[in-house]
Amino acid sequence: NHQNQRPKGRGIGLVKIEPRTENRDYMPRYQLEKFKQNCERLLGYLSRNNPRDLCAVFDIGTKATKLLVGPKTAPTRETWKSSAFFNDGQLFPIGTDFDLFRNRLDIKSSGALEGVCFFLDTYQRILSSQGVPKENMHGVGTAVFRWMNNQDEVVNHIRKHAGFDMHVLIAEDEASLSGRSILHTY
């Protein structure tokens, strides 16, 4: 039984859902409350599935950051059901903080980047605490990262906060994956 493999305890109390800094501008109170509800929803999802059989993909984009958790083995058309997946997304517009004149993102002043790191860190801690292996967690960066002349610095900053690997998709791969996801949706 996969529930016996999970650490004892349940609930959001295992992971404190509060920003680690006093600057809460990146996540207004209403978003933080919704985020807490989504964390509880994730815990419920994890309790109904074997965490070792799941993978988590964090999509860090120009306007938002998203999390999709699902089975490592993709369902077929016949076995597909939406309850097999968990997803959440929050608006953290890194593109707004991106300096178009210098082609860089200032790590120290980007509230959106701080929000992304909070999102990744919180969800990674929940997933880990419930038994999802770190090697089953992956992050991908999209267009905004390709524009940065300090891409390595920003990606390393995110990796440090996330605790798992991340890579930046090339434009062709991003387009191909977007097309595939649309085909599998309908």
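We count residues from 1, following the sequence as given. Owing to the predicted nature of the structure, the values given are computational and were not obtained by experimental measurement.
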Open item on the list: Run the side-chain hydrogen bond (donor to acceptor under 3.5 Å, both in side chains) test against N149 and tell me which residues pass, sequence neighbours left out.
Closed with: none
Task: Under 3.5 Å donor-acceptor, R104 side chain and D99 backbone - done: no
Open item on the list: Atom NZ of residue position K66 - does it have more than 12 heavy atoms of other residues, nucleotides or ligands inside 6.0 Å?
Closed with: yes
- [ ] Could you tell me if the ring centre of F35 sits under 6.0 Å from that of F118?
- [x] yes
- [ ] Check whether any side-chain heavy atom of L42 sits under 4.5 Å from a side-chain heavy atom of L127, and report yes or no.
- [x] yes
Task: Contact summary for P71 and L54, nearest pair of heavy atoms - done: N-CD2, 3.9 Å
Task: Any side-chain heavy-atom pair of K72 and N136 under 4.5 Å - done: yes
- [ ] Rounded to the nearest 0.5 Å, what's the gap from CD on Q90 to NZ on K34? Could you check?
- [x] 7.0 Å
Open item on the list: So which atom in F58 and which in Q124 form the shortest heavy-atom distance, rounded to 0.1 Å?
Closed with: CZ-N, 4.3 Å
Task: Interatomic distance, L67 atom CG to N87 atom CG [nearest 0.5 angstrom] - done: 8.0 Å
TODO: Determine yes or no for a side-chain-to-main-chain donor-acceptor pair under 3.5 angstrom, with N150 supplying the side chain and L105 the backbone.
DONE: yes
Task: Straight-line distance of E153 CD to D106 CG, nearest 0.5 Å - done: 8.5 Å
Open item on the list: Can you give me the closest heavy-atom contact between K134 and S128, atom names plus distance?
Closed with: CE-OG, 3.7 Å
Open item on the list: Give me the atom names and distance for the closest heavy-atom approach of D97 to A112.
Closed with: OD2-N, 3.1 Å
TODO: Look up atom CZ in F145 and atom CD1 in I94, then write down how far apart they are to the nearest 0.5 Å.
DONE: 4.5 Å
Open item on the list: Between R146 and L169 (side chain of the first, backbone of the second, donor and acceptor by atom type, cut-off under 3.5 Å), is there such a pair?
Closed with: yes
Open item on the list: Ring-plane angle category for F86 and Y45, please: parallel below 30°, perpendicular beyond 60°, tilted otherwise.
Closed with: tilted
- [ ] Please report the shortest heavy-atom distance between L100 and N103, naming the atom on each side.
- [x] O-OD1, 3.3 Å
Task: Heavy-atom side-chain contact between D165 and H138 under 4.5 Å - done: no
Open item on the list: Contact between T62 and F98 at the side-chain level, heavy atoms closer than 4.5 Å - yes or no?
Closed with: no
- [ ] Could you tell me whether a side-chain N or O of N156 sits under 3.5 Å from a main-chain N or O of D152, the two making a donor and an acceptor?
- [x] yes
TODO: Kindly give the heavy-atom pair with the smallest separation between V140 and M166, and that separation in Å.
DONE: C-CE, 4.2 Å
Open item on the list: For N38, is there any backbone N or O sitting under 3.5 Å from a side-chain donor or acceptor partner on D88?
Closed with: no
Open item on the list: For a 4.5 angstrom cut-off between non-hydrogen side-chain atoms, does V144 reach W147?
Closed with: yes
Task: Test item: I107 and L113 side chains (from C-beta on) under 4.5 Å apart, heavy atoms - done: yes
Open item on the list: As an exercise, state the distance from CG of L120 to NE2 of H161, rounded to the nearest 0.5 Å.
Closed with: 10.0 Å
Task: Inter-residue atom distance L46.CG - I126.CD1, 0.5 Å rounding - done: 8.5 Å
